[in-house]
Amino acid sequence: MSLRNTGITKLPKKLGKLRYLETLDIRQTKVRAFPKKSIFLPKLKHLLAGVKTAGCRSLDGIQEEESLHTIQMPKHIGSMAELQVLSHVAVSGHGDELIDIGNLLQLRKLGLVLDGSQKSTFRHLFHAIGKLSRCLQSLSICIISNNEDSDTATEIEERLLMPPRYLRHLQVSGMVNGFTDMVKDLRELTKITIHKTFLTAGDIKIIGRITRLSYLRFRQESFTESTLTFSKGGFQNLKYLVIDCLDVISINFDEEATPRLEKIIWYSTGTQCLTGIEQLPSLKELHLTGNFDSESVQQAITSNINNPILKTN
């Protein structure tokens, strides 16, 4: 059943009678709750939900916040044992529903919206992820705060005791001081997207040791410093780099860094400084949006043995 991109605001009360329903797609709708909190769909394999409003960038460089609204996770979700995809659903206050998530041993993709003001939520979250270590392949965590007086980014004191060994895709928003502890042992990660993580240069070096990482995207407030440096020996399998973080005004590639990097996309509204691209042996495309020294960039591209294509806005 796909109700995606429709104007519905509520699900029918008799939804629970669809005993053989395998897929329920309510993305881009205004549905925020199931008709019954304890609804049970025994054959459900894919629950797809969430409305994401993309932030837009104004001419003066101010980035408007994006938002993610979605349906509340039903109680007793752990009894829907055939679930393979659960994305994105909201977790209430203390996150007690997450205890049941650990029972979904066929779950491949999990997307959650969490209340960052409750520490118990992360204890339940990391415990559930540990129980899914043999099946989980994709994880998206969006941390928000319902407290208007607190920062939207949340410091995570809990630790992931058992890493999901087969996790390949990770998307995180709003996690501070816990991200690198979470990813450093994830050996199968190939794709990372981060937002509001406030990473340091030391954190970047830790991420650079993830041997299979091929795609990395920095979104707003993902990095604390103005210069992003890729050091020698790091990011050995990185192929795609996307930077959409206005705080970064300078990117530097040391010699023998990112030897397989093929494509760089850098969105900016300010002045950009890009050095070291002449020594990237696999570079094929460079996309720049912003103000940069076109002469020096063109010179570096000409010096690159791979003769990459430059695209600009």
Colleague: Below 4.5 Å, heavy atoms only, C-beta onward: do Tyr240 and Leu261 meet side chain to side chain?
Modeller: no
Colleague: Looking at side-chain heavy atoms only, is the closest gap between Tyr215 and Ile192 below 4.5 Å?
Modeller: no
Colleague: Hey, could you give me the CG/CG distance between Leu21 and Leu15, rounded to the nearest 0.5 Å?
Modeller: 6.5 Å
Colleague: So, do Ser140 and His88 sit near enough that their side-chain heavy atoms are less than 4.5 Å apart?
Modeller: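 In contact.
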Colleague: Does Thr70 use its side chain to pair, donor to acceptor, with the backbone of Ala90 at less than 3.5 Å?
Modeller: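 The answer is no, because no donor-acceptor pair under 3.5 Å joins these two groups.
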Colleague: Show your working on side chain to side chain contact (heavy atoms under 4.5 Å, CB included) between Met182 and Leu170 and close with a plain yes or no.
Modeller: CA-CA 11 Å; Met182 181 179 179; Leu170 178 62; 4.3 Å; yes
Colleague: Can you tell me if Arg168 has over 12 outside heavy atoms packed within less than 6.0 Å of its CZ?
Modeller: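 Atom CZ in Arg168 is not packed in, count stays at 12 or less.
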Colleague: Using modelled atom types and a 3.5 Å cut-off, is there a donor and acceptor pairing between side-chain atoms of Thr197 and backbone atoms of Ile194?
Modeller: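 Here the side-chain-to-backbone pair does not exist.
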Colleague: Given 3.5 Å as the limit, does a donor-acceptor pair link the side chain of Gln220 with the main chain of Asp244, or not?
Modeller: yes
Colleague: Could you measure the distance from the CZ atom of Arg165 to the CZ atom of Arg134? Nearest 0.5 Å is fine.
Modeller: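 Arg165 CZ to Arg134 CZ: 4.5 Å, rounded to 0.5 Å.
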Colleague: Do Gln171 and His169 meet the criterion of a side-chain donor-acceptor pair at a distance under 3.5 Å?
Modeller: no
Colleague: Does the Thr229 side chain pair with the main chain of Ser231, one donor and one acceptor, at a distance under 3.5 Å?
Modeller: no
Colleague: Using the side chain to side chain donor-acceptor pair (under 3.5 Å) rule, take Thr275 and Asn252 through it: C-alpha gap first, then chi angles, then the decisive distance, then the call.
Modeller: CA-CA 5 Å; Thr275 57; Asn252 176 59; 2.6 Å; yes
Colleague: How are the rings of Phe230 and Phe253 set to each other: parallel, tilted or perpendicular (split at 30° and 60°)?
Modeller: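 Aromatic pair Phe230/Phe253 classed parallel.
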Colleague: Are the side chains of Pro42 and Arg19 in touch, meaning some heavy atoms are under 4.5 Å apart?
Modeller: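 They are in side-chain contact.
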Colleague: Give the cluster check for Leu47 versus Val51: same hydrophobic cluster or not, with ILVMFWY residues linked at side-chain heavy-atom distances below 4.5 Å.
Modeller: no
Colleague: Using distance alone, with no hydrogens and no angle criterion, decide if Arg212 and Asn237 have a side-chain donor and acceptor under 3.5 Å apart.
Modeller: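 Side-chain D/A pair, Arg212 to Asn237: absent.
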Colleague: Got a donor-acceptor contact below 3.5 angstrom from the Glu97 side chain to the Ser92 backbone?
Modeller: yes
Colleague: Name the residue from Asp247, Leu228, Ile243 that meets the side chain to side chain contact (heavy atoms under 4.5 Å, CB included) definition with Phe223.
Modeller: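 Result for side chain to side chain contact (heavy atoms under 4.5 Å, CB included) with Phe223: Leu228.
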Colleague: For the side chain of Asp293 and the backbone of Glu295, is there at least one donor-acceptor N/O pair under 3.5 Å apart?
Modeller: yes
Colleague: Determine whether a donor-acceptor pair (N or O, by modelled atom type, separation under 3.5 Å) exists between the side chain of Asn304 and the backbone of Ile277.
Modeller: yes
Colleague: Mind running side chain to side chain contact (heavy atoms under 4.5 Å, CB included) on Ile251 and Ile264 for me, showing each step along the way?
Modeller: CA-CA 11 Å; Ile251 301 176; Ile264 302 172; 5.6 Å; no
Colleague: Taking a hydrophobic cluster as the set of Ile, Leu, Val, Met, Phe, Trp and Tyr residues connected by side-chain heavy atoms closer than 4.5 Å, whether directly or through intermediates, do Leu104 and Phe40 fall within one such cluster?
Modeller: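 Yes.
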Colleague: I want to check something: taking the side chain as every heavy atom from C-beta on, are Lys263 and Ile265 in contact at a cut-off of under 4.5 Å?
Modeller: yes
Colleague: Any side-chain to backbone donor/acceptor pair from Thr224 onto Phe198? Under 3.5 Å, distance only.
Modeller: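 No: the side chain of Thr224 does not pair with the backbone of Phe198.
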Colleague: For Thr200 and Glu225, test the side chains for any donor-to-acceptor distance below 3.5 angstrom and give the result as yes or no.
Modeller: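 The answer is no; no qualifying pair exists.
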Colleague: Taking atom OG1 of Thr29 and atom CD1 of Ile71, what is their separation to the nearest 0.5 Å?
Modeller: 7.5 Å
Colleague: Would Leu112 and Met73 count as a side chain to side chain contact (heavy atoms under 4.5 Å, CB included) if you check the C-alpha gap in whole Å, the side-chain angles of each, and the deciding distance to 0.1 Å?
Modeller: CA-CA 9 Å; Leu112 299 171; Met73 186 187 298; 3.6 Å; yes
Colleague: Evaluate the side chain to side chain contact (heavy atoms under 4.5 Å, CB included) criterion for residues Lys45 and Val85: first the C-alpha distance (whole Å), next the side-chain angles of each, then the deciding distance (0.1 Å), finally the verdict.
Modeller: CA-CA 6 Å; Lys45 294 182 179 179; Val85 176; over 6 Å; no
Colleague: If we only count heavy atoms from C-beta on, is the Gln272 to Asn291 side-chain gap below 4.5 Å?
Modeller: no
Colleague: Flag the pair Leu68 / Cys142 as yes when at least one side-chain heavy-atom distance between them is below 4.5 Å, and no otherwise.
Modeller: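 A side-chain contact under 4.5 Å exists here.
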Colleague: Phe34 and Leu3: same hydrophobic cluster, using ILVMFWY side-chain contacts below 4.5 Å?
Modeller: yes
Colleague: Look only at the side chain of Asn306 and the backbone of Leu283, and say whether a donor-acceptor pair between them is shorter than 3.5 Å.
Modeller: yes
Colleague: Can you find a side-chain donor-acceptor pair between Lys131 and Asn103 that sits under 3.5 Å?
Modeller: yes
Colleague: Same hydrophobic cluster for Leu44 and Ile39, using side-chain heavy-atom links shorter than 4.5 Å among ILVMFWY?
Modeller: yes
Colleague: Strictly below 4.0 Å, N to O, side chains only: are Lys43 and Glu22 in salt-bridge contact?
Modeller: no
Colleague: Would you check if Val91 and Val113 make a side-chain contact, meaning some heavy-atom pair closer than 4.5 Å?
Modeller: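 No. Closest side-chain heavy atoms not under 4.5 Å.
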Colleague: Any chain of hydrophobic side-chain contacts (each under 4.5 Å) joining Leu11 to Leu18?
Modeller: yes
Colleague: Would you say the side-chain atoms of Ser214 pair up with the backbone N or O of Thr190, donor to acceptor, closer than 3.5 Å?
Modeller: yes
